[in-house]
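Naming: A, B, ... by sequence-line order, numbering from 1 per chain. None of these values were measured; they are calculated from a predicted model.
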Protein chains: 2
Amino acid sequence: MARRVVRTPTATAPDLDARKALILEAVVIEHIDSAQPVGSSAVAASADLDVSSATVRSEMVALEREGYLAQPHTSAGRIPTDKGYRYFVDHLKSGVLGTVQQQQVKEFFAGVRGEVEDVLEQTSTLLSQLTSYTSVVVGAGHAHATVLSAQLVNLESRHHLLVTVFSDGSVVKHSVTPSFVATPKEVMEASKQLNALLIGTTLESRVQVPARHDHEAALVREAVSTLHAQQPVTDGEQVFIGGSSKVAEVFDGVETVRQVLAILEQELLVVSLVQDILDQGLSVAIGSEHGYEPLLACALIVAPVTIDGAPAGAVGLLGPTRMKYREAMAAAEVVSANLTRHFAGADDRG
Amino acid sequence: MARRVVRTPTATAPDLDARKALILEAVVIEHIDSAQPVGSSAVAASADLDVSSATVRSEMVALEREGYLAQPHTSAGRIPTDKGYRYFVDHLKSGVLGTVQQQQVKEFFAGVRGEVEDVLEQTSTLLSQLTSYTSVVVGAGHAHATVLSAQLVNLESRHHLLVTVFSDGSVVKHSVTPSFVATPKEVMEASKQLNALLIGTTLESRVQVPARHDHEAALVREAVSTLHAQQPVTDGEQVFIGGSSKVAEVFDGVETVRQVLAILEQELLVVSLVQDILDQGLSVAIGSEHGYEPLLACALIVAPVTIDGAPAGAVGLLGPTRMKYREAMAAAEVVSANLTRHFAGADDRG
DNA sequence: GTTAGCACTCAATTCTACCGAGTGCCAGCG
DNA sequence: CGCTGGCACTCGGTAGAATTGAGTGCTAAC
């Protein structure tokens, strides 16, 4: 596991003097736009500071010495470092979505309905369409949800299904295959006992299982142990990744594309990545900040989604470090806000 | 929608004379291996026909005239056309898996357990690891499965969950949100009625719903209509795609990678693609054969999975037309056979 | 029917020269 | 003292020319 850099956004930025800040900003903006190193004359022309390119140059060497800019090679322009992007992002005035996108979001949330999973999945598609970056939508696990109902259904001979409904609306099933064939009556009885036993508990609660030796008790024991065998923290979590084809668009270099795709395949890793960033109180992790080497070329924007104030997941956007932060952050924030509102208002509507 | 070419494997191959067949085979094998046009001298050296390169050349012009080979430009070697690959595949002696892979499959199926979905998902990872191609695993929908149990659970105020268990072991949930708040007693009563009404039916059955105007009847009506609103054919189907990062490895050209990834994102399309190929009785679709233009550069290998003789899904491998057919087909077949066996034997084991 | 020989083709590679964007430095200026 | 115009220098990228070499098609001879 790579080293993790813990930092808060504010502690990082010892505030450059106004002119340096303007120059840095100009370089970042221009480089995001052109994907090319930015020269002093371009900066002198674009930013509204009335100085010559020579002055810009001398400021640039300072910025480079302080670690905000880098030079791919002598006699090329400058490109921002991760630290440079960080400064840029920390001093970014929050942007607004384009009107087209606003409309798209509005229509989407007006029309979306159905189960939570479906909504999250469609949201991930929406986000990636809004921004043309790959989106990551994480739905929180049901570690703290309580059991509303547990039911044992016989499929065939020794194969039963334990179907558990949680207070957060999630439904999970587990196979229960004891070493004996139970009668329908025994299954029904076990089902009743399971209901009595499990309702109101969470996956973390310990449950007193009957120690008797009859079939019902055996079924109940097996069902409970199967249910609790699942990892409470990670297992219930859902990840929806939208627009993975965008990876091939926004990153250059087949190898980078491959690496990023490989990361996205490991959903657990993606979840913990997003979680880490949220835990650090960040909304953007740039390059080395998230500590995963294969994602050095990436920036990850996250925005939490809450239900009744409690964290219920997050939406994220994955792009190159030179991504369009303002637009992407706006999109993530708007979508997470809409999602939060959608879930809060879900009961009151149809 | 692009034109679909329907053909059976045997009808396509008017059997080339022995020497041409050998030459074609040599070109295909060599090109799969080297990814480069194959010259006459290479063929003369490799294949065990004792002729000179000049003879091979004159045969090659014939093969080109008949559409089995193509020349990227004059003074380059030959590469196989889709038709050439088709001939090659149709005359392929079925290969065997490498011992490492055999071991891997054995260990996997010895150790795998859990719900069908989990098994399928892990299988897709396995397949892609075995072959370093992207895998597609399709689980059949439950159009013909009968309802084993239906239960209505109240989440909060007007938000209920209809949880339906099918005979194929699948569990689906649907939100039921009537315009009134029902009492716990009403919900329980509705749940009972739903059970009585739905058990034994399929999603395609029409069900007689009560026409009464009380809360129970309204709940039942809403629940049944919600359940039947789902598309029986497509909705229950599951797709698991493994190793999408392999796309970036085996295809060259960012644009191709992007297109293939974009296709893979549309899961419904992938399902119907696999289904189409199976319906044609093929096990491999090469280039234009599957009729999707963005996949012109692809070949797709499929192998059906059955439960008790009935189709229960399929496993597939997606690679470039110059993929390693023998190994990949062997992998797909072995895995599909193991999967079939796994599901057949699921009841008898733990 | 097969083959050795040969002229020809053409993508890929290498080399060279050159261009120009951009830099660092410095002397002069307000 | 900070800014600026000027200038020499660097170095990646490009364009063109020359070269290479794998591979072909053709033909005459076996």
Side-chain angles (χ1 to χ4, degrees), chain A residues 16-81 84 252-253 322, chain B residues 16-81 84 252-253 322:
Chain A
L16 300 167
D17 80 68
R19 195 168 68 184
K20 281 205 184 67
L22 266 176
I23 291 175
L24 175 56
E25 190 190 358
V27 171
V28 172
I29 290 177
E30 183 63 23
H31 180 253
I32 286 176
D33 194 58
S34 70
Q36 305 241 311
V38 182
S40 55
S41 56
V43 172
S46 84
D48 31 278
L49 25 79
D50 285 323
V51 288
S52 74
S53 63
T55 311
V56 172
R57 272 201 290 284
S58 66
E59 293 286 52
M60 274 172 147
V61 292
L63 282 168
E64 184 171 359
R65 195 176 42 233
E66 295 169 46
Y68 293 97
L69 294 179
Q71 238 177 336
H73 55 84
T74 347
S75 94
R78 304 303 210 290
I79 58 174
T81 60
D252 26 36
R322 49 167 283 276
Chain B
L16 299 168
D17 81 67
R19 197 168 66 183
K20 282 205 183 66
L22 266 175
I23 292 174
L24 175 55
E25 190 190 358
V27 171
V28 172
I29 290 178
E30 184 65 23
H31 180 253
I32 286 176
D33 193 59
S34 70
Q36 307 239 311
V38 182
S40 56
S41 55
V43 173
S46 84
D48 31 276
L49 24 80
D50 285 324
V51 287
S52 74
S53 63
T55 311
V56 172
R57 274 200 291 281
S58 66
E59 293 286 52
M60 275 172 146
V61 293
L63 282 168
E64 184 171 359
R65 195 176 41 234
E66 296 169 45
Y68 293 96
L69 295 179
Q71 238 177 337
H73 55 84
T74 349
S75 92
R78 304 303 207 289
I79 58 174
T81 60
D252 25 34
R322 50 166 281 276

Validation: residues 20-30 of chain A side-chain donor-acceptor distances under 3.5 Å, sequence neighbours left out:
unit_1, atom_1, unit_2, atom_2, d
A:Lys20, NZ, A:Asp17, OD2, 3.2

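From B:Arg78, atom CZ reaches atom CG of B:Leu63 across 9.0 Å, with rounding to the nearest 0.5 Å. Taken from CD1 in A:Ile79 to CD in A:Gln36, the straight-line distance is 11.0 Å, to the nearest 0.5 Å.
Residue A:Glu59 contributes atom CD, which lies 16 Å from atom C1' of C:dC25 at whole-angstrom precision. Whole-Å rounding puts the A:Glu64 CD to C:dG24 C1' distance at 12 Å. Across the protein-nucleic acid pair, B:Leu63 atom CG and D:dG25 atom C1' stand 16 Å apart, rounded to whole Å. B:Met60 places its CE atom 10 Å from the C1' atom of D:dT24, with the value rounded to the nearest Å.
Side-chain contact between B:Val43 and B:Glu59 is absent, with no heavy-atom pair separated by less than 4.5 Å. Considering only heavy atoms from C-beta on, A:Arg322 comes within 4.5 Å of A:Ile32 through its side chain.
In the set C:dC10, D:dG25, C:dG24, the nucleotide with an atom closest to the side chain of B:Arg78 is D:dG25. Residue B:Thr74 places its side chain closer to C:dT9 than to any other of D:dT10, D:dG5, C:dT9. The side chain of B:His73 lies closest to C:dA11, out of C:dT3, C:dA11, D:dT4. Of the candidate nucleotides C:dG24, C:dG22, D:dG25, D:dG25 has the atom lying nearest to any side-chain atom of B:Gln71.
Across all non-hydrogen atoms, the minimal contact from B:His31 to B:Pro37 is CD2-N, 4.1 Å.
Residue B:Arg57 places no side-chain N or O under 4.0 Å from the OP1 or OP2 atom of C:dT2. For A:Arg19 and D:dG2, the shortest distance from a side-chain N or O to OP1 or OP2 is not below 4.0 Å. For C:dT2, the OP1/OP2 oxygens have no side-chain nitrogen or oxygen of B:Thr55 closer than 4.0 Å.
Side chain A:Ser75 to base C:dT23: no donor-acceptor pair is found below 3.5 Å.
Not a single donor-acceptor pair under 3.5 Å links the side chain of A:Ser40 to the backbone N or O of A:Val56.
Using a 4.0 Å cut-off on heavy atoms, the residues of residues 20-40 of chain A that approach DNA chain C are A:Gly39, A:Ser40, listed by number.
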